[in-house]
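First comes the structure, then the notes that go with it.
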Amino acid sequence: MIVGVHPIAGFDKLLHYKVPARLEDAVAVGSLVRIPIGRRFTLGIVGVVGAPSDFPIDRLKNLTDLVYDFPALPADLLELAKWMAVYYAAPLDGIIETMLPGAVRRAAGLKQEKLIALGTALDDEALAKLEKRAPQQAKLYRFITQQFKPVAKNLVLKRLGVGAGSANALIKQGALREMSQQVKRVAYADDFSEGELVAALPHLLNAEQQAAFDALKVEIAKDEFGVTLLQGVTGSGKTEVYLRAIHEALADGGGVVFLVPEVALTPQTVARLRSRLESIAPDHACVVWHSHLSEGERVDGWHELATGQARIVVGARSAIFAPVQNLRLIVVDEEHEPAYKQDETPRYHGRDVAVMRAKLNGAHCLLGSATPSLESYANAQAGRYKHLHMKQRIDDRELPFIDVVDMRIEIMRSRGLTTLSQKLVHGMQDRFEKKEQTILFLNRRGYSSSMMCRSCGHVEECPHCSISMTYHRTDESLRCHMCGHERGAPVRCPKCEAPDIRWRGTGTQRVEEAVTRVLPRARIERMDTDTMSKKNRFRQVLSEFRAGKIDVLVGTQMIAKGLDFPNVTLVGLVDADMSMHMPDFRATERTFQLLVQVAGRSGRGDRAGVVIVQTFTPQADAIQFSRHADFDGFAEGELKIRKDFQYPPYRHLIHHSFRGPNPEKLLFFAEQWARLVEKEFPDQLEVRGPAPSPIEKVKDHYRFQVWYFTHGVSRVIGKLNQKRREFAWPDDVIQVMDVDPVNLG
DNA sequence: AGCACGCCGACT
DNA sequence: GTCGGCGTGCTC
């Protein structure tokens, strides 16, 4: 029997090995095996059974060992890994590595045992000397000389009552040899502790939940691939629908993966979910999977799933790689969350991988969100996903005190450039007098301005990137900070021809200045990348703010990192719409939500915390605020897009980086790349900015980068990989840095 | 990733 | 003459 193995050794090539007769029955596709490679040993995953086509069979080596007698990377995960390698232009071995828990990669489960055997034999004289000077050592030595094969070190020492020191001394002088061998660990004792079974009441479903569940039940019963987008406002009880669907899949004998964003994996959440799931399927343990588990815990859970003792896993992003058998359902909660994206190679999106894994297994994938991502929404609109709605809240709670200020009116009133509305200014002054605090949020740093039409609200955006163009005073131009697109600054509005163009100063610096003007005695601190360059500054400012030494904090996204400010009773979103024009508007949305929570928590008696939202465009009417708690109390206050909000169409922004040690070679790649784009992708690919970018030196290697937009990621990357082979580019020369959906209005 | 091989400058 | 720098290529 001959098998092809993917080594986990830092390179990406299928190597073939002969399988020793004793292992033939147990080795199969997906097995984790130990292989000799060069003069060392590593682990590898069996990828195919069969002889190589381009390598002489008589030169094949034997594989050394089988680590587990079950497939460590089941066929579906191996397929998934191959798909990911193409889709994310990442080396396959790296992907396989991320799919396996670290301990498994190091062949844990195999206990190391030290053996000792005879080394260079001592002559009689030396033995006699030893006998006299070190009787313990002599005793051990004599015992070993009587053995036919190496013996377990700890066993022998215990039997003979000899200390480890004696053995080590003999080993050191060469009379004995020490070696280690791996021993199969005894199967895990099934001792998962009975978590207090929190009263796991089967909640009654309301009409909407029931309708959603009925629809899902049909989908799951089909036993074929499909995706459902469950769009339900927060508090509409999505979780209960998930649980019913999971029950359905488990009852069918299937396996389930339940993904949640990492932040949602609090101990309470996990405990509650776990007790509910285990009451649904009492025979099957629920494995919890996240980055804070100890290595042992993770291996145990992995083992239970891989052997079929457990059929359901709840976890963050990487839980999508759990070796769940007979997969029938994957649930991705809060599918829009950016936490599903991995920011290191291999860069992948947990939700997209989930959809693909469902496809490979003929399973159903359920995506849930109150505010679906653009790509999921677009897929639902296009009919590729089934779209379910839940619009009704289970319990209506009071709304936070949220004021939306129309800045167009504000500007007319003040007849000039306005950064802070009257309402916000009065609010801040009031807080200052009461010794309470204010946070002003604006996700643009610096002093730069953007152009905006005063009569129609039009914001000039980059035609390629959809971000607002930045005004550069030096040469009277508008520039895109993303792709470098440039045009002369217009005199009248490009849309309605009105001459009322306003150059809005919306950077944090300008906000800080404005606050100083209206609150001259207040202590103001600005927090953005410009001011936080020093390492400890960030923590220092946050702790000072918390201690009340700062009255007003002006900041960008980064203030969302330490949001525990009980004395903040006013939050100002200085420019709500500009934020919504940014490509990463969801991150901004998230910051909004967190800030609304801050205000929601800090009410004073009968006086609720206040959020003042400043906005210029009618589009902001689509922004709606609400305050309520989800099932786990995770969201206390939330901003969301109103349900009839029109999602803009989207494309993907792809960022590739080409790297290598040789600049001349890289230059050659760059030229080939340019020719490739010209010839192969005239309509699918729109390369932006200098393409390719100049070659630059980074640490010990060189690189150039390319950004482009595309409607079909897999098509383009597939083509690119094909060309890579044709051009004989090295495997690792291309790296996908990022694949991001971009909204283009 | 390791490791060998091979091609050039420095030097016990 | 050899030692050793790293650039290049291979590992079944």
Q: Rounded off to whole Å, could you give me the CG-to-P distance for the A:Leu666 and C:dT8 pair?
A: 12 Å
Q: Compare every heavy atom of A:Tyr348 with every heavy atom of A:Ser318, then report the nearest pair and how far apart it is.
A: CA-OH, 3.7 Å
Q: Report the distance from atom CG of A:Asp12 to atom P of C:dC12, rounded to the nearest whole Å.
A: 16 Å
**Q.** Opening and closing nucleotides of DNA chain B in contact with chain A, under 4.0 Å to non-hydrogen atoms
**A.** B:dA1 to B:dA4
Q.
Over all strands shown, is A:Pro56 touching base, sugar-phosphate only, or nothing at heavy-atom distances under 4.0 angstrom?
A. nothing
Q: Find the distance A:Leu60:CG to C:dT11:P and express it as a whole number of Å.
A: 12 Å
**Q.** Closest approach of A:Leu367 to A:Ser376 (non-hydrogen atoms, all atoms of both residues)
**A.** CD1-OG, 3.7 Å
(Q) Can you measure A:Leu14 atom CG to C:dC10 atom P for me and round it to whole angstrom units? (A) 17 Å
Q | Spacing of A:Met356 atom CE and A:Ile320 atom CD1 [to the nearest 0.5 Å] | A | 12.0 Å
Quick one: side chains of residues 35-63 of chain A, donor-acceptor pairs under 3.5 Å with protein atoms, not counting sequence neighbours, listed by atom name and distance.
residue	atom	partner	partner atom	Å
A:Lys61	NZ	A:Gly38	O	3.1

Q. Once you round it to whole Å, what is the distance between P of C:dT11 and CG of A:Leu63?
A. 18 Å
**Q.** Whole-Å gap separating P (C:dC12) and CG (A:Asp54)
**A.** 13 Å
Q: In whole angstrom, give the distance that lies between atom CD1 of A:Ile37 and atom P of C:dT11.
A: 10 Å
Q: Find out whether A:Glu696 and A:Gln705 are in side-chain contact, i.e. whether some heavy atom of one side chain is under 4.5 Å from a heavy atom of the other.
A: yes
Q. Base, sugar-phosphate alone, or nothing: which one does A:Arg40 contact when heavy atoms must sit under 4.0 Å apart?
A. base
Q) Which is true for A:Tyr17 with a 4.0 Å heavy-atom rule: it touches a base, it touches only sugar-phosphate, or it touches nothing? A) sugar-phosphate
(Q) In this structure, how many angstroms lie between the C1' atom of C:dT11 and the CZ atom of A:Phe55, rounded? (A) 8 Å
Q | Parallel, tilted or perpendicular, as decided by the 30° and 60° cut-offs, for the rings of A:Phe70 and A:Trp302 | A | tilted
**Q.** Spacing of A:Lys359 atom NZ and A:Asp76 atom CG [to the nearest 0.5 Å]
**A.** 15.0 Å
